[in-house]
Amino acid sequence: MSKDTSAEDPWHSGGKLHPVLGTRDPQLADAQRVWGEDFEPVDLSELEGADPHLEDVGEQMRRLRDALTGIADSGADLAEAAELLRRAADIVEPQSPDQATRLASQWRKGGPGARRTNPVGGTENVIAPPLRAFGHPDGSVSARITLGLPYQGPPGCVHGGMSALMLDHLFGFANHWVGLRGMTAHYEIDYRKPTPLLEPLDMKAWVESHEGRKIWVRATIESGGELRVEARALFISANVPLPGRDATAPGEER
Ligand SMILES: CCCCC/C=C\C/C=C\C/C=C\C/C=C\CCCC(=O)SCCNC(=O)CCNC(=O)[C@H](O)C(C)(C)COP(=O)(O)OP(=O)(O)OC[C@H]1O[C@@H](n2cnc3c(N)ncnc32)[C@H](O)[C@@H]1OP(=O)(O)O
């Protein structure tokens, strides 16, 4: 029988989590305008105050990411920016512990897990689309996001892999919102209509059914009131070893 590790373990945590402190939340007001004042974000783990400089670096890098994409034929002079960025990298790189150390530190007991850095919505991950999920009383979760040029696939459209990535992540939230968790085992996706860049996308995910270790989830992406993507997946409740923990850590349990 597994012991309850939920209080100390970011991978095993269940139930309602708490907001990430110190994180800017530009999407909450927008989402509440769309879905009503009572829609709450799916709470994330309460983290000790983020380093404001780290948040700021992330924000400046996202500004650059968005400003750089497609700039090539504009005549912009980037020489000074390149030099400043080289200096910034020269400052940060020597201070950054090796990746194995940073990985383990994310998964320490009571630590943040990968929430700050995951590739969907991680505020400290500059490649992450800024997805913010909201939990609904009916057990579903939703997110509204507008993606820019860095996420382009077909002309003017969202790359299908981005849609798949965001929905897979939203499945994780859908599980979590109803107290389940698992690994994606099987994932099927139908792209019904092109998904536009630069226009709001409304995503929804929910647990359809679950039995034993199997959790079936569904999700959709709509834009302009039209269905663009629908997906279904099977999650299997499973544990994975946590980086930096010894072999008797909860990752071994099932
Ligand atoms: C993710 C939770 C995070 C928690 C953090 C907490 C709070 C954060 C808040 C919210 C969370 C938000 C976001 C979460 C982030 C991301 C979500 C994305 C999730 C992923 O990014 S995840 C990575 C990709 N994922 C993998 O990397 C899995 C690799 N894989 C395996 O690790 C194994 O494959 C495993 C463990 C899946 C099963 O292995 P196993 O040995 O434990 O079990 P076994 O094979 O016996 O299967 C048992 C029964 O499932 C059936 N079954 C199995 N596979 C099937 C398939 N494909 N199709 C149809 N049926 C299948 C069997 O047929 C059998 O059925 P039956 O019992 O009826 O015979």
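First listed ligand is number 1; within each ligand, the first listed atom is number 1. Computed from a predicted model, the values in this text were never measured in an experiment. Positions are given from 1 along the sequence.
For G182, the heavy-atom gap to ligand 1 drops under 4.0 angstrom.
We find that E211 and K214 are not joined by a salt bridge, their nearest charged nitrogen and carboxylate oxygen being 4.0 Å or further apart.
With a 6.0 Å radius and a threshold of 12 heavy atoms from other residues, nucleotides or ligands, E188 has its CD atom above the threshold. For R63, the CZ atom sits in a loose shell: 12 or fewer heavy atoms of surrounding residues, nucleotides or ligands are nearer than 6.0 Å.
Residues passing the side-chain hydrogen bond (donor to acceptor under 3.5 Å, both in side chains) test with K193, sequence neighbours excluded: E226.
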Show your working on side chain to side chain contact (heavy atoms under 4.5 Å, CB included) between Y151 and M162 and close with a plain yes or no.
CA-CA 7 Å; Y151 304 110; M162 289 307 304; 3.5 Å; yes
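Under the ring-ring contact (aromatic ring centres under 6.0 Å, His included) criterion, the residue pairs touching residues 178-228 are F171-Y187, with sequence neighbours excluded.
Of all the listed residues (H176, M183, K214, H186), H186 holds the heavy atom that lies closest to atom 58 (N) of ligand 1. When the heavy atoms of A174, G172, A133 are ranked by distance to atom 11 (C) of ligand 1, first place goes to G172.
In A185, the parts holding a heavy atom less than 4.0 Å from any atom of ligand 1 are both the side chain and the backbone. Using a 4.0 Å cut-off between heavy atoms, L234 contacts ligand 1 through its side chain alone, with no backbone atom that close. Of the heavy atoms in H169, both backbone and side-chain atoms come closer than 4.0 Å to ligand 1. The parts of T184 lying near ligand 1 are both backbone and side chain, judged by heavy-atom distances below 4.0 Å.
Ligand-side atoms of ligand 1 in range of A238: 36 (C), range being under 4.0 angstrom from any heavy atom.
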